[in-house]
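In the text below, chain A, chain B and the rest are named by the order of the sequence lines, each starting its count at 1.
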2 protein chains.
Amino acid sequence: MTKTIILKQRPQGKPTLSDFKIISEDTDLIIKDGELSLETLYVSVDPYLRGRMSDAKSYVEPFKLNQPIHSGSIAKVMDSKNDKFKKGDYVSGMIDWKTKQISNGEGLTKVDASKADLSAYLGVLGMTGLTAYTGLTQIGKPKKGETLVVSGAAGAVGSIVGQIGKILGLKVIGIAGTDSKVDMLKSKFGFDEGINYKTTKDMKAAIAEAAPDGVDVYFDNVGGEISDAILFNINRFARTVNCGAIAVYNETELPTSVSVRPFLIKKSALMQGFIVSNFEDKFPEAINQLSSWLAEKKLTYEETIVEGFENIPQAFIDLFEGKNKGKMIVKV
Amino acid sequence: MTKTIILKQRPQGKPTLSDFKIISEDTDLIIKDGELSLETLYVSVDPYLRGRMSDAKSYVEPFKLNQPIHSGSIAKVMDSKNDKFKKGDYVSGMIDWKTKQISNGEGLTKVDASKADLSAYLGVLGMTGLTAYTGLTQIGKPKKGETLVVSGAAGAVGSIVGQIGKILGLKVIGIAGTDSKVDMLKSKFGFDEGINYKTTKDMKAAIAEAAPDGVDVYFDNVGGEISDAILFNINRFARTVNCGAIAVYNETELPTSVSVRPFLIKKSALMQGFIVSNFEDKFPEAINQLSSWLAEKKLTYEETIVEGFENIPQAFIDLFEGKNKGKMIVKV
């Protein structure tokens with residue numbers, strides 16, 4: 001029996017369970033030359049998937065209705081007629097939300113289960129870690145002694161960004177939405193300061209207090225009003241890394257905000273959006289650096305693992321409620 | 001008799017004549033060793049001066065109340081006890097709005113009246129040209145075949161930006177506020193397309209039509225709704241050069257706009273503000289290049305010359321009504 005999750009309808013605003021459908025069917029996985037069969041072990045759910053569920057023009061194709069959704073996943077090779085993979089290998093790649101499937105091997109990478117937990121390859125050693133590392137270093141260009149603010153700081157990307165900031169010698173301030181997340185920023189990830197935006201009335205003042213020397217680098221995972229408040233505290237030549245806008249993914253109307261342009265002009269400041277694939281040429285350097293830091297225990301990570309294939313849609317929805325700490329992963 | 005223009009009160013919103021005061025007084029210009037006396041010939045009025053009339057924190061000190069305003073000007077040396085300058089020299093620099101004054105020579109540069117009209121040193125060979133050249137090349141990074149949109153295109157900076165774009169092999173679209181300005185963009189400055197934003201109902205559609213391949217570089221001299229409309233038409237890896245925000249300089253409340261962040265993320269796009277002094281190290285290259293293009297007649301410029309020292313405040317106010325074509329200069 002193979003289970004598949006398809007996109008039944010495009011979410012309006014916040015996604016709901018009725019946007020998805022789980023199908024069960026008997027299938028024989030008979031592979032041809034060059035193919036391999038996969039059993040899915042871990043599935044990553046990420047905020048950016050919300051964008052692909054809309055049919056708006058974006059940097060990647062929207063998901064098709066009534067077709068399986070796919071995301072970064074880890075699978076075990078059950079059988080192979082492909083020279084590059086053998087039975088028992090573990091692989092990562094963008095694969096369909098199916099318990100079992102056939103692949104031609106394209107886009108799959110072998111991962112080493114002896115070097116790190118398999119789920120780490122969806123997080124700190126996967127797209128999450130690459131996003132944090134390349135966005136921060138290539139756009140944020142952090143310099144020792146500067147001040148870095150991270151929004152969505154307890155999230156998968158944010159918690160790695162903050163730790164890299166500390167490794168590179170910056171003062172690091174994290175913004176998150178619960179007191180326990182804020183505690184974790186400081187106790188587990190070594191942030192200097194944490195701000196709970198839900199219990200803080202005046203974010204502009206709170207940031208000014210936490211960053212008395214002003215903000216040099218802002219790694220923005222959320223957008224929205226939090227990011228407006230940062231603008232009032234940026235220094236000359238500040239860099240804002242626009243990584244995600246989770247606060248606005250669900251809005252069906254175009255959001256408005258304080259106009260950033262006068263701030264950018266006054267401070268000769270930069271804002272730049274990116275997706276991780278822009279920096280593919282930096283991936284080997286990034287993986288190498290992240291693995292070393294992980295081995296040296298300079299880098300730690302948090303993950304929220306939800307059990308059960310059929311819970312993928314709920315785990316995805318929970319992202320927008322901030323129910324995850326760190327990377328949200330479903331164990332199949 | 002020396003006339004001086006002081007800042008009487010800080011403008012609220014749009015500046016008015018009552019924000020300024022003209023003082024006449026008899027003064028003897030007696031110079032000491034190292035000093036020189038100047039007779040002001042041409043005074044540049046520029047939108048950025050509005051920013052300095054507020055007491056908001058910015059990249060430069062606000063003008064002081066009841067003190068002379070200063071801006072880029074050309075003066076003739078009447079007498080000199082400074083080794084670097086002699087009687088009869090022409091100089092450019094940031095000098096007070098006074099018909100005559102004493103200087104210690106700091107910040108003054110000799111200009112050559114035989115190579116170009118004196119007023120050109122306030123425009124294409126002055127801060128205006130440097131702003132256009134450095135902003136476009138250092139932030140816009142234009143590539144042959146790309147599409148460049150310029151707002152405030154008939155203005156001093158905008159008209160030079162567009163011409164440089166054409167010299168570098170881009171498709172150039174200008175946005176301006178009257179039909180005669182739009183005509184001038186095409187007939188005088190060689191722009192490919194012009195859009196009158198005051199008579200265009202759907203700017204988003206008009207830009208899409210003028211730029212069927214999308215917008216790669218946007219040189220933004222105005223901010224406001226025009227710039228929001230550009231966002232919908234930017235290409236992947238687009239660069240927005242935030243040079244000025246004339247549409248918002250006069251607002252006493254912080255302006256809001258369509259949130260730029262989702263666009264920057266979707267398109268991996270960049271926005272960066274600057275002031276010309278950020279690129280001081282590029283000035284020799286810029287002056288050299290602009291002079292060559294001027295000599296080769298590849299570059300032309302428009303200026304609006306208002307006569308009479310006492311008309312400086314009105315000329316400044318007229319900037320915000322778009323009454324100038326090209327650089328606005330007062331001939332004393």
Side-chain angles (χ1 to χ4, degrees), chain A residues 47-48 51 54 56-60 135 138-139 151 214 218 220-228 231-232 234-249 251 253-279, chain B residues 47-48 51 54 56-60 135 138-139 151 214 218 220-228 231-232 234-249 251 253-279:
Chain A
Y48 81 88
S54 302
K57 206 176 157 188
S58 186
Y59 50 85
V60 280
Q138 299 301 306
I139 299 175
S151 63
Y218 172 43
D220 183 3
N221 286 305
V222 300
E225 285 177 17
I226 293 172
S227 300
D228 292 345
L231 281 175
F232 290 90
I234 57 170
N235 286 333
R236 197 158 173 241
F237 300 126
R239 291 82 68 195
T240 291
V241 187
N242 293 114
C243 180
I246 197 167
V248 304
Y249 279 134
E251 302 196 22
E253 299 257 307
L254 275 172
T256 59
S257 67
V258 171
S259 182
V260 301
R261 296 181 191 95
F263 292 92
L264 298 185
I265 294 168
K266 276 189 189 172
K267 299 294 185 178
S268 293
L270 173 150
M271 291 184 91
Q272 190 172 348
F274 79 108
I275 53 171
V276 65
S277 57
N278 300 349
F279 301 116
Chain B
Y48 82 88
S54 302
K57 206 177 157 187
S58 184
Y59 49 85
V60 279
Q138 298 302 305
I139 299 174
S151 63
Y218 172 42
D220 182 3
N221 286 304
V222 300
E225 285 178 15
I226 293 172
S227 300
D228 292 344
L231 281 174
F232 290 90
I234 58 171
N235 286 333
R236 197 159 173 243
F237 300 127
R239 290 82 69 196
T240 291
V241 187
N242 292 114
C243 181
I246 196 167
V248 303
Y249 279 133
E251 301 195 21
E253 300 256 307
L254 275 173
T256 58
S257 68
V258 171
S259 182
V260 302
R261 296 181 191 94
F263 292 92
L264 298 186
I265 294 166
K266 277 188 187 171
K267 298 295 184 177
S268 293
L270 173 151
M271 290 185 91
Q272 190 173 347
F274 79 108
I275 53 169
V276 65
S277 58
N278 299 349
F279 300 116

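- Legend: residues meeting side chain to side chain contact (heavy atoms under 4.5 Å, CB included) with Ala269(A), ordered by chain and number and at least two apart, are Ile234(A), Ala238(A), Leu264(A), Lys267(A).
- The parts of Ser227(A) that come within reach of chain B are both its backbone and its side chain, each placing non-hydrogen atoms under 4.5 angstrom from that chain.
- For Ile275(A) against Ile265(B), the heavy-atom pair with the smallest separation is CG2-O, 4.4 Å.
- Here the CZ atom belonging to Phe237(A) is positioned 9.0 Å from the CD atom belonging to Gln272(B), to the nearest 0.5 angstrom.
- With rounding to the nearest 0.5 angstrom, the OG atom of Ser259(B) is 8.5 Å from the CG atom of Asn242(A).
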Item checked: Full working for side chain to side chain contact (heavy atoms under 4.5 Å, CB included) between Arg236(B) and Asn278(A) -> CA-CA 10 Å; Arg236(B) 197 159 173 243; Asn278(A) 300 349; 3.3 Å; yes
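- For the side chain to side chain contact (heavy atoms under 4.5 Å, CB included) test, residues two or more places apart in sequence or in another chain that qualify with Asp228(A) are Ser257(A), Val258(A), Arg261(B).
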